[in-house]
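Read through the structure below, which is laid out as structure tokens, and then see the notes.
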Amino acid sequence: MKVKQSGRSSIPPAVTVRAAAMAAAALTVAAGLGVRAVGDGAAAKYAGDALYTVLIHTLVVLLVPRVRPLTAAGAALAVSWAVELAQLTDLPAELARHSTAARLVLGSTFNAPDLLWYAVGAALAWALHTGLAPRRSPVRL
């Protein structure tokens, strides 16, 4: 008995999505480092803020490959805002004094415009994710 090939890859979709998310995360980190190396001032800082949220979006997709773009963008924005708002307390600054990793991830000083740039990053991540996500066919009853 012959098995008809459907033309689809034997790689499970979750593996493909996770591989793409890992590549996107690496590209996002490279872009962030590149912006900081080449640029300076407000442009580089705010581009870094937007890319921070894009990176969180890619990590959400890595953890939950079937997540919808809007849900992933909303989660990334919520995490970014929570980290920024936590900077209104002394905890991130205290952790940053003891750890470079904590300083890079949590920051140390609250800056209200960062909230806007996180939203820009979430919108960018949503747009890219929406453009790359496979189209779902409508359910027919």
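We use all heavy atoms of the structure for the numbers below, so side chains are in, but hydrogens, waters and symmetry mates are not.
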- Euclidean distance, Arg97 CZ relative to Ser108 OG, rounded to 0.5 Å: 8.5 Å

- Item | Set of side chain to side chain contact (heavy atoms under 4.5 Å, CB included) partners for Leu70, sequence neighbours left out | Trp126

- Item | Shared hydrophobic cluster for Leu55 and Leu63 (ILVMFWY, side-chain gaps under 4.5 Å) | no

Name every donor-acceptor pair, under 3.5 Å, that has one atom in a side chain of residues 24-43 and the other anywhere in the protein, sequence neighbours excluded.
residue: Thr28; atom: OG1; partner: Ala24; partner atom: O; Å: 2.7

- salt bridge (charged side-chain N to carboxylate O under 4.0 Å, His left out) partners of residues 79-91, not counting sequence neighbours, each pair once: none

- Taking only residues at least two apart or on different chains, which pairs with a member in residues 56-77 satisfy ring-ring contact (aromatic ring centres under 6.0 Å, His included)? His57-His129

- For Pro92, which residues count as a side chain to side chain contact (heavy atoms under 4.5 Å, CB included) partner, sequence neighbours excluded? Ala86, Gln87, Thr89, Leu106

- Task: Could you list who else is in Leu124's hydrophobic cluster, with ILVMFWY side chains joined at under 4.5 Å, directly or through other members?
- Result: Val54, Leu128

- With sequence neighbours left out, write down each residue that passes side chain to side chain contact (heavy atoms under 4.5 Å, CB included) with Leu116, or none if nothing qualifies. none

- Item | Sequence neighbours excluded, every pair satisfying salt bridge (charged side-chain N to carboxylate O under 4.0 Å, His left out) that has a member inside residues 104-115 | Lys45-Asp114

- Query: Are Val79 and Leu95 in one and the same hydrophobic cluster, where Ile, Leu, Val, Met, Phe, Trp and Tyr link if side-chain heavy atoms are under 4.5 Å apart?
  - Reply: yes

- Any ring-ring contact (aromatic ring centres under 6.0 Å, His included) involving residues 23-53? Give me the pairs, sequence neighbours left out, ordered by first then second residue. Tyr46-Trp117, Tyr52-Tyr118

- Partner set under side chain to side chain contact (heavy atoms under 4.5 Å, CB included) for Leu104, not counting sequence neighbours: Thr100

- Task: Specify the closest pair of heavy atoms between Ala76 and Ile56, including all atoms of both residues, with the distance to one decimal.
- Result: CA-CG2, 3.5 Å

- Query: Between Val17 and Pro65, what is the shortest heavy-atom contact and its length?
  - Reply: CG1-O, 3.5 Å

- Task: Please list all pairs passing the ring-ring contact (aromatic ring centres under 6.0 Å, His included) test where one or both residues lie in residues 86-109, with sequence neighbours left out.
- Result: none

- Item | Residue pairs fulfilling side-chain hydrogen bond (donor to acceptor under 3.5 Å, both in side chains) with at least one residue in residues 72-82, sequence neighbours excluded | Thr53-Ser80

